[in-house]
Number of protein chains: 2
Amino acid sequence: MLAMTKKTGYGLIAMTHLAQLGPEGLASAREIAEEYTIPLALLMNILKELAAGGYVQSVRGARGGYRIARPAASVNFVELMEILEGPMKLAECIRGEVDDDAHSKCKLMPKCPIADPVHRVHRKIRDFLSDLTLADVLQPKTREPAVAGEG
Amino acid sequence: MLAMTKKTGYGLIAMTHLAQLGPEGLASAREIAEEYTIPLALLMNILKELAAGGYVQSVRGARGGYRIARPAASVNFVELMEILEGPMKLAECIRGEVDDDAHSKCKLMPKCPIADPVHRVHRKIRDFLSDLTLADVLQPKTREPAVAGEG
DNA sequence: TTGAAATAGTACGGTAGGGGTTCTATATAG
DNA sequence: CTATATAGAACCCCTACCGTACTATTTCAA
C-alpha cells in the first residue's frame with residue numbers, strides 16, 4: 001500500500017543516470033539496464049514512454065540511445081510518475097483534471113465521512129512530490145524551506 | 001499508484017463512525033455497511049481485523065456490535081493502514097522493524113542512485129500520516145504547526 | 001427452549017494491474 | 001549489408017485487491 005511501482009523506480013533511475021551525463025550525454029537502454037541490473041526489455045518500454053512524454057530525446061540507429069531533454073530541476077516526481085502510471089490518485093474519489101465526475105464513481109460519496117481528510121492527504125503528498133525534482137536526487141538538498149520539516 | 005486500498009478506506013469510515021458514537025456507543029457491521037453502502041461481508045472482515053488489533057471492541061450475540069476501543073486522538077492513519085494492509089513501504093528496499101534485510105531483496109541496491117531520496121520520501125509521507133489521527137477526521141484541524149505547510 | 005441476530009474464523013474465487021517478455025519494423029553507424 | 005539501436009504493439013504470468021460464502025459460537029428475546 002502507498003507503494004511506488006517498479007516502473008517508476010526504473011524510470012527515476014534512468015532519468016538520474018541521463019541527467020548525470022549532462023545535456024549532451026548519450027546512453028543506450030542496454031548500458032543503463034546493465035549498469036543497474038534492470039530487465040532490458042522493460043527498461044526499453046519505459047524509455048519509450050519517457051521519450052513520448054518529452055522527458056528524454058531518443059537517437060535511433062547504431063550508437064544511438066537517449067539523452068535527457070529537460071533540465072533536471074524542472075522534472076518533478078509527480079510528472080514522472082504520472083507519465084509512467086497515469087494520474088496519481090490516493091482514492092477513487094480524487095477528481096482529475098479532465099475526469100470531473102470522479103465523485104460519481106464512488107457510490108458512497110454523498111455520505112462519505114472521510115472524503116475531506118483523504119483529499120487533504122492527497123494534496124499534501126502530491127504537493128510534496130511535485131516539489132521534489134531530479135536535481136534533488138542528484139544533489140540531495142541539505143536544507144530547503146519549501147520541503148522542510150525532515151527528521 | 002500511491003493509492004490507498006478500499007480496505008483502508010472502509011476501515012477509516014467504520015472507525016470514524018464508531019468514534020462519533022463515543023466510547024460507549026455500539027454499532028453493528030450491518031448498520032455501518034448500510035449507512036455507507038459498503039459490502040457487508042467485506043466490512044465484517046475488516047472489523048474482525050480491527051478487533052484483533054485492539055482498535056475496536058466486539059460485543060457478540062444479538063444486539064451486539066462494535067465500539068471504539070481507543071481515544072480518537074491516539075489512532076493515527078499509519079497504524080490503521082498497517083493493521084489492514086501490512087507494513088507501509090514506498091519501495092521494496094524500505095526496511096521494516098524486524099525484516100532487516102529488505103535491502104538484499106532489491107538486486108540493484110548496491111548501485112541504486114535513488115535509494116536515499118526514496119527513503120526520504122517514504123519517511124516524509126509516513127511521518128505525515130502518523131501525525132494524522134481519527135480526531136483530525138472528526139474535527140478537521142484548521143491550523144496545526146506539527147503538520148503545517150498545507151495549501 | 002428455540003430462533004434470530006450478531007461476531008469469529010476460515011477458505012474460496014474473480015479480476016485488474018503490475019512486471020516482464022517477445023515480435024516486427026525502422027533507422028543508422030561502420 | 002550487418003550489427004546495434006529505438007518504435008510500436010501485442011502478449012502472458014502472477015499476485016494482490018476486492019468481494020463472497022460457509023461454519024461455529026455467542027447472546028438476546030420471545
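Chain letters run A, B, ... following the sequence lines, proteins first and then strands; every chain starts at 1.
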Exercise. Quickly work out the B/E31 CD to C/dA5 P distance and round it to whole Å.
Key: 13 Å

Quiz item: Among B/Y36, B/Y66, B/Y10, whose ring-ring contact (aromatic ring centres under 6.0 Å, His included) with B/H17 holds?
Solution: B/Y36

Quiz item: Who passes side-chain contact (heavy atoms from CB on, under 4.5 Å) against B/T16, sequence neighbours left out?
Solution: A/P113, A/I114, B/L134, B/V137, B/L138

Practice problem: Would you please confirm or rule out a distance under 4.0 Å between OP1 or OP2 of D/dA29 and any side-chain N or O of B/R63? | Solution: yes

Quiz prompt | Nearest-Å distance for atom pair CE/P, residues A/M88 and C/dG18 | solution = 14 Å

Exercise. Return yes if some donor-acceptor pair links the side-chain N/O of A/E82 with the main-chain N/O of A/M88 below 3.5 Å, else return no.
Key: yes

Self-check item: Of the listed nucleotides C/dG18, D/dC28, D/dT4, the one nearest the side chain of A/A62
Solution: D/dT4

Pairs under 3.5 angstrom only: tabulate donor-acceptor contacts from the side chains of residues 43-54 of chain A to other protein residues two or more places apart or in another chain.
| residue | atom | partner | partner atom | Å |
| --- | --- | --- | --- | --- |
| A/N45 | OD1 | A/K48 | NZ | 3.2 |
| A/E49 | OE2 | A/K7 | NZ | 3.2 |

Self-check item: Whole-Å gap separating P (D/dC17) and CE (B/M4)
Solution: 13 Å

Quiz item: How close or far is atom C1' of C/dC12 from atom CG of B/L42, stated in whole angstroms?
Solution: 15 Å

Quiz item: Between A/D136 (side chain) and A/T133 (backbone), is there a donor-acceptor pair under 3.5 Å?
Solution: yes

Quiz prompt | Verdict with supporting geometry, A/R70 and A/E79, salt bridge (charged side-chain N to carboxylate O under 4.0 Å, His left out) | solution = CA-CA 12 Å; A/R70 289 173 46 179; A/E79 282 183 273; 3.2 Å; yes

Quiz prompt | Backbone N/O of B/R60 and side chain of B/S58: donor-acceptor pair under 3.5 Å | solution = no

Quiz item: B/E92 has an atom CD; how far is it from atom P of C/dG19, in whole Å?
Solution: 8 Å

Exercise. From the options D/dT6, C/dA6, C/dG20, select the nucleotide whose nearest atom is closest to the side chain of A/P39.
Key: C/dG20

Quiz item: Within this structure, what is the CG-to-P distance between A/L43 and C/dG19, rounded to whole angstrom?
Solution: 14 Å

Quiz item: C/dG19 C1' sits how many Å from A/L40 CG, rounded?
Solution: 15 Å

Quiz item: Does a nitrogen or oxygen in the side chain of B/Y66 sit under 4.0 Å from OP1 or OP2 of C/dA8?
Solution: yes

Quiz item: For B/Y10 and D/dC18, is the shortest distance between a side-chain N/O and OP1 or OP2 below 4.0 Å?
Solution: no

Quiz item: Does the D/dT25 base have a donor-acceptor partner in the side chain of B/R60 within less than 3.5 Å?
Solution: yes

Practice problem: Strictly below 4.0 Å, heavy-atom distances to any atom of DNA chain C: list the hits from residues 44-59 of chain B, or just say none. | Solution: B/M44, B/N45, B/K48, B/S58, B/V59

Quiz item: Which nucleotide sits closest to the side chain of A/K6: C/dG20, C/dA4, C/dT28?
Solution: C/dG20

Exercise. Starting from C1' on D/dA5, measure out to CZ on A/R67 and report it in whole angstrom.
Key: 14 Å

